[in-house]
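Data block below; observations after.
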Amino acid sequence: MELKAQAVSILKDAIQKIGFGVKDSELYFETSSHADLASRAAFRLASLHRQNPTYIASRIVSAVKIPDGSYIEEVDSSGPYINFHAGRHYLNRTIATILEEKKKFGCGAQKNTIILEHTSANPNGSLHVGHIRNSIIGDTLARILKRAGYNVEVQYYVNDMGRQIAVVSWACEHFELDRSKKPDAAIADIYIKANTELNKNSEYVTEIDVLMKNVEAGDIKTIERFDKAVALAIAGIKATLLRLNVAHDKFVNESRFLKSGAVKDIIERIKATGRTKIDNGAVVVNLSDYGFEKTLVIQRSNGTSLYTTRDLAYHEWKIEQADRVIDVLGADHKLISGQLRATLNAIGIKEPEIVIFEFVSLPEGSMSTRSGQFISADDLFDRVIEAALKQVNTRRPETSDDFKKEVSEMVGIGAVRYDIVKVSPEKSTVFNWKAALDFEKQGAPYIQYSYARACSILKKAKEDATWEFSFETNPSLLVEDSEINLIKKMAMFDHIIYLGALELKPHVLAIYARELADAFNQFYHFIPVISAEDEKVKAARLALVDCARIVLANSLDTLGIAAPESM
RNA sequence: GGGCGCGUGGCCUAGCCCGGAUAUGGCACCAGCCUCCUAAGCUGUGAAUCGGGGGUUCAAAUCCCUUCGCGCCCGCCA
């Protein structure tokens, strides 16, 4: 990050010196295999001033003045490109900073407050592999934002009074809950049964309507029944999320906004904008000036509120407590979240930032809790951990059962998290058991393995009685290609965090972590550390290994993936 | 029918917002590497009409138009 800031300043000075003006956004910096940082500014200036870009680039380069102590060692041009090369000072500073900051390396300055909502699956059953894409993207995003310096509170919005919950509550009255099962799975079973009954018998549907009316009217008995069903499902969902290493700071019930009068209040304010009309007894909002053909229903003809209405109140409540509000939502929420934003805007409330991810489907079609067509997250975890255990058994047969269990959980869950977070959210995916259970690829285990290797070297070095740790580390002795590549890759960590936080794209960190592991594995292969010929070189390399261990650990931590010291 | 997203070697995928140096990486395939810090590793080979067609530009995977395929949405569900 600091490297880029210095390059920007050097380039701007040089461009000014040759008599051109340029905005920061016109410097066109990019990473390149030809340099540590490259600029395409000459192309821009060429079209602006009708001159040959190569000529401009060479003029800029000859006007470049590198200040003393700069991270940049050399600036040259290659055709129209202006290439910046980092120097020794940059490499040494990187090593020193990592050793000094350790876990804090890559953290940004203190920033403002964010409330981030993710998962928020209806408590009508278990989390399935579609939901956990939401959880993993949301949780990773929260971790990235925290490292970037934001104060992040993570929330789960609990639908505790919608139609689907009424169905669950109804199901609890009509079917026996299987107490031997995990509570969310037991709820899913009766929810599926109830839906089949409901489809067969329309009388039952009116029973559901009555339940919903009662809840809205504040009927204590019905509310208690709803609460009981919701609590069971949420307990199971929390347990599943815990296995995934995902935790929420707050679970916010929808019903509180009805009880508090916030829902009623917000409906009145929307009415006051003059956008509403009564359509067949229901209150609808006209958002055509925001580009929405369809009106948004905020109150049913029977007077009850909808999910959307309560969600409006929830968002107002959130933005009162934070500077930014971020929601991670599935692609099915695209339209409704756009309408929600428009409505909030219409009544002068700051809109949330929405992160949309596309669907995970099964080879036989899309997943559905209602029809029972889904692969539960717990099933996936069980099978993936089992597959990991097989691997540990063949690779480390000499280790204890506890070790094997611990490592297979770290590897299995890590693999799930990585596989999901590595692909950009806008890509829809098809779940595939074979791919999910396959560890023979550059996924989480690859990164974890690199970390374990680094730990192993450091452990061996410490065990070596003849070796003194008192040697001063001189990073200038790290001159091999693979050493320099590794240092440069580590130096980019803060920029990756910044980028991920700026664009709200967690997959950039996943890709970075794999590249970092790549750089470390290459170093590991080519450069001896413990058996290094020279004691001072050995000390410098051990410091480098320690740095790699730290940055790999920080990357894994930000990805929410466990880092095993041995595997 | 309308709206949004996606389409990159056999399979998965980066890059697209902000057009520029030989299009990223993996899986699978093939060929090497363990008397040496964990081979869940390293090195190398082959494999691509960037869905198709137009356009803008000195320059298009990237921008615009069009067309095809896939997904999602278009409920007084969430």
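To find a chain, count down the sequence lines: A is the first, B the second, and so on, and within it residues start at 1.
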Can you tell me if A/Tyr446 touches the phosphate of B/C42, counting only side-chain N or O atoms and a distance under 4.0 Å to OP1 or OP2? yes

Rounded to whole Å, CG of A/Leu509 lies from C1' of B/A14 at a distance of 15 Å

Exercise for the section: Tell me whether the guanidinium CZ or amine NZ of A/Arg310 lies under 6.0 angstrom from the six-membered ring centre of A/Phe257 and within 45° of its axis. Expected result: no

Answer for the Watson-Crick or wobble partner of B/C4, both distances under 3.5 Å, is B/G71

### Task
Determine the interatomic distance between C1' on B/C11 and the same-named atom on B/A47; round to the nearest Å.
13 Å

Whichever of A/Phe439 and A/Lys427 has the more 5' nearest nucleotide on RNA chain B, that residue is A/Lys427

Under a 3.5 Å limit on both distances, the Watson-Crick or wobble mate of B/G9 is none

Does A/Arg453 place a side-chain N or O at less than 4.0 Å from the phosphate oxygens OP1/OP2 of B/A39? yes

Taking any heavy-atom pair under 4.0 Å as a contact, classify A/Lys334: base, sugar-phosphate, or nothing.
base

Checking N1-N3 plus N6-O4 or O6-N4 for Watson-Crick, or N1-O2 and O6-N3 for wobble, each under 3.5 Å, the partner of B/U57 is none

*For B/G26, does either OP1 or OP2 sit under 4.0 Å from a side-chain N or O belonging to A/Lys422?*
no

Between CG of A/Asn521 and C1' of B/A39 the distance, given in whole Å, is 11 Å

Among B/A21, B/A14, B/G71, the one nearest any side-chain atom of A/Ser424 is B/A14

(message) At 4.0 Å (heavy atoms only), tell me whether A/Asn280 reaches a base, stays on the sugar-phosphate, or touches nothing.
(response) base

Using a cut-off of 4.0 Å on non-hydrogen atoms, how would the nucleic acid contact of A/Ala38 be classed: base, sugar-phosphate, or nothing? base

A/Asp160 and A/Arg256 ion-paired at < 4.0 Å: no

Partner of B/U62 under the Watson-Crick or G-U wobble criteria, both distances under 3.5 Å, comes out as none

Among B/C77, B/A40, B/U43, the one nearest any side-chain atom of A/Arg370 is B/C77

Out of B/U22, B/C17, B/C37, minimum distance to the side chain of A/Tyr524 belongs to B/C37

Looking across every strand, which nucleic acid part, if any, lies under 4.0 Å from A/Arg541 by heavy atom: base, sugar-phosphate, or nothing? nothing

Discussion item. Can you tell whether the side chains of A/Lys427 and A/Glu358 come within less than 4.0 Å, N to carboxylate O?
Written reply: no

Taking every heavy atom of A/Pro506 against every heavy atom of A/Ile137, the minimum-distance pair comes out as CG-CG2, 3.9 Å

The residue, A/Phe403 or A/Tyr307, whose nearest nucleotide of RNA chain B is more 5′ is A/Phe403

Practice task
May I ask you to say what A/Ser33 touches in the nucleic acid, namely base, sugar-phosphate or nothing, with a heavy-atom cut-off under 4.0 Å?
Solution key: base

With the side chain defined as heavy atoms from C-beta on, A/Gln164 is closest, among B/G5, B/C37, B/A78, to B/A78

query: Considering only the C1' atoms, how many Å lie between B/G19 and B/C63, rounded to the nearest integer?
result: 7 Å

Looking only at B/C42, B/C76, B/C18, the nucleotide nearest the A/Gln522 side chain is B/C42

Exercise. Looking for any heavy atom pair under 4.0 Å, which part of the strands does A/Ile527 touch: base, sugar-phosphate only, or nothing?
Worked result: base

- Task: May I ask you to decide if A/Lys460's main-chain N or O and A/Glu463's side chain share a donor-acceptor pair within less than 3.5 Å?
- Result: no

| request: Determine, for A/Arg396 against A/Glu398, whether the closest basic-nitrogen to carboxylate-oxygen distance falls under 4.0 angstrom. | output: yes

| said: Could you tell me how far B/C33 sits from B/A39 if I compare only their C1' atoms? Round to whole Å. | reply: 9 Å

Expected label for B/C34 (glycosidic angle, syn inside 90° of 0, else anti) would be syn

- Message: Please determine whether a side-chain nitrogen or oxygen atom of A/Ser366 lies at a distance below 4.0 Å from atom OP1 or OP2 of B/C72.
- Response: yes

task: Could you tell me whether A/Val283 contacts a base, only the sugar-phosphate backbone, or nothing, with contacts defined as non-hydrogen atoms closer than 4.0 Å?
output: nothing

Tested for ring pair (Phe, Tyr, Trp, His ring centres under 6.0 Å) against A/Trp170, the lone hit among A/Phe226, A/Tyr204, A/Tyr191 is A/Tyr204

Next item on the list: Describe the nucleic acid contact of A/Asp279 in one word from base, sugar-phosphate, nothing, applying a heavy-atom distance below 4.0 Å.
Entry: base

Original post:
When you compare B/U57 with B/U8, how far apart are their P atoms, in angstrom units rounded to a whole number?
Top reply: 30 Å

Hey, does the side chain of A/Arg163 come within less than 4.0 Å of B/A78's phosphate (OP1/OP2), counting only N and O? no

| task | Indicate, with a heavy-atom threshold strictly under 4.0 Å, whether A/Val284 touches base, sugar-phosphate, or nothing. | result | nothing

Worksheet item: Which is true for A/Ser301 with a 4.0 Å heavy-atom rule: it touches a base, it touches only sugar-phosphate, or it touches nothing?
Response: base

Taking B/U22, B/G25, B/C37 as options, the one with an atom nearest any side-chain atom of A/Ser456 is B/C37

To the nearest angstrom, the CD-P distance between A/Glu426 and B/C73 comes to 18 Å

| said: Under 4.0 Å from OP1 or OP2 of B/C76: is there any side-chain N or O of A/Arg300 that close? | reply: no

When all nucleic acid strands are considered with a 4.0 Å heavy-atom cut-off, which category describes A/Asn83: base, sugar-phosphate, or nothing? base

For atom P, what is the distance between B/C6 and B/G54, given to the nearest Å?
-> 23 Å

Taken to the nearest whole Å, CG/A/Asp546 to C1'/B/C37 is 15 Å

A/Lys538/A/Glu533 salt bridge by N-O under 4.0 Å criterion:
no

A/Phe292 CZ to B/C4 C1', in whole Å, measures 11 Å

**Asked** Taking the same atom, C1', in B/U43 and in B/C18, what whole-Å distance lies between them?
**Response** 37 Å

Which of B/C42, B/U22, B/A78 is nearest the side chain of A/Glu254? It is B/A78

From CD of A/Glu358 across to C1' of B/G7 the rounded distance in Å is 13 Å

So what does A/Leu335 hit on the nucleic acid, given a heavy-atom distance under 4.0 Å: a base, only sugar-phosphate, or nothing?
sugar-phosphate

When rounded to whole Å, the CG to P distance for the pair A/Asp438 and B/A40 reads 14 Å

| said: At less than 4.0 Å, is any side-chain N or O atom of A/His507 found next to OP1 or OP2 of B/G15? Yes or no. | reply: yes

Report task. Side-chain contact test, heavy atoms from C-beta onward, threshold under 4.5 Å: evaluate it for A/Gln299 versus A/Val285 and give yes or no. Result -> no

Looking only at heavy atoms, the pair that brings A/Ser555 and A/Leu516 closest together is OG-CD2, 3.8 Å

Of B/C37, B/G26, B/A21, the nucleotide closest to the side chain of A/Val529 is B/C37

Notebook entry, point to check: If the C1' atom of B/U13 is compared with that of B/G25, how far apart are they to the nearest Å?
Noted result: 7 Å

Exercise for the section: Answer yes or no: side-chain N or O of A/Thr308 and base N or O of B/A78 forming a donor-acceptor pair under 3.5 Å. Expected result: no

Using Watson-Crick geometry (N1-N3 plus N6-O4 or O6-N4) or G-U wobble (N1-O2, O6-N3), each under 3.5 Å, B/A14 is paired with none

Rounded to whole Å, CZ of A/Phe357 lies from C1' of B/G71 at a distance of 13 Å

Worksheet entry | Whole-angstrom distance between B/C50 and B/A60, as gauged at atom P | 12 Å

Review point. Which is true for A/Arg396 with a 4.0 Å heavy-atom rule: it touches a base, it touches only sugar-phosphate, or it touches nothing?
Key: base

